[in-house]
Amino acid sequence: MYPISAHINADYLLLYMLSDHFLKQVAIAENRVKMPKLNQEALTGFVVAVPPLAEQARIVARVTELRRLCADLRKRLVEQQTVHSHLADALVEQALA
C-alpha cells in the first residue's frame, strides 16, 4: 500500500481506480500472478484523468445515482421474477385440478 497524496476528490479517485482504464494499466504493470503487486515506480507512471474538482464531484454524484438506479432495477427484476413464478405455479395447479 502506498499513501496517495493528491488534490483529488477521494471518491472520484476510488471510482477511477476501479475503472477499466486504470485496471488495464495495473494488468500491464503488475509482475506477479498469484498475488498481484505494483511497485511505486510503475504506479507513478500511470495516467490518471483528473478533471477539475467540481467535475469530479459531479461525476461521483452521477455514478452514485446510476448505481442506486441499477440496484433498484435489480430489486424490481427479482420482484417481477417472483411474481411470475407464483403465477406460473398457480396456473399449473389450476391446470392439474
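Residue numbers count from 1 along this sequence.
Taking CG from Leu14 and CD1 from Ile8, the interatomic distance works out to 12.0 Å, rounded to the nearest 0.5 Å. Interatomic distance, CG of Leu69 versus CZ of Arg62, reported as 8.5 Å (0.5 Å rounding). Atom CG in Leu66 sits 10.0 Å away from atom CZ in Arg68 (nearest 0.5 Å). A distance of 11.0 Å separates CG in Asp72 from CG in Leu77, rounded to the nearest 0.5 Å.
The two residues Gln25 and Val47 come nearest to each other via the heavy atoms OE1-N, 2.8 Å. Counting all heavy atoms, side chain and backbone alike, Ile59 lies closest to Pro51 at CD1-CG, 4.0 Å.
Under a hydrophobic clustering in which Ile, Leu, Val, Met, Phe, Trp and Tyr are joined whenever their side-chain heavy atoms come within less than 4.5 Å, directly or via other members, Val48 and Leu53 fall into different clusters. Phe46 and Met17 fall within the same hydrophobic cluster, defined by Ile, Leu, Val, Met, Phe, Trp and Tyr side-chain heavy atoms under 4.5 Å apart, directly or through other members. With hydrophobic clusters built from ILVMFWY side chains whose heavy atoms lie under 4.5 angstrom apart, Leu13 shares a cluster with Val63.
Looking at heavy atoms from C-beta onward, Val83 lies in side-chain contact with Leu87 at the 4.5 angstrom threshold.
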- prompt: Can you check salt bridge (Lys or Arg N to Asp or Glu O under 4.0 Å) on Glu55 and Arg58, steps first, answer last?
  reply: CA-CA 5 Å; Glu55 183 65 17; Arg58 283 192 290 274; 2.8 Å; yes
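Between the side chain of Ser85 and the backbone N or O of Thr82 there is no donor-acceptor pair closer than 3.5 Å. Remark: the backbone N or O of Val60 is paired with a side-chain donor or acceptor of Thr64 at under 3.5 angstrom. A distance-only check finds no donor-acceptor pair linking the side chain of Gln56 to the backbone of Tyr12 [under 3.5 Å].
Using a 30° and 60° split on the angle between ring planes, His21 and Tyr16 fall in the tilted class, from 30° to 60°.
For Glu65, the CD atom is densely surrounded, since the number of other residues' heavy atoms within 6.0 Å is greater than 12. Environment of CG in Asp20: sparse, with no more than 12 heavy atoms of neighbouring residues, nucleotides or ligands closer than 6.0 Å.
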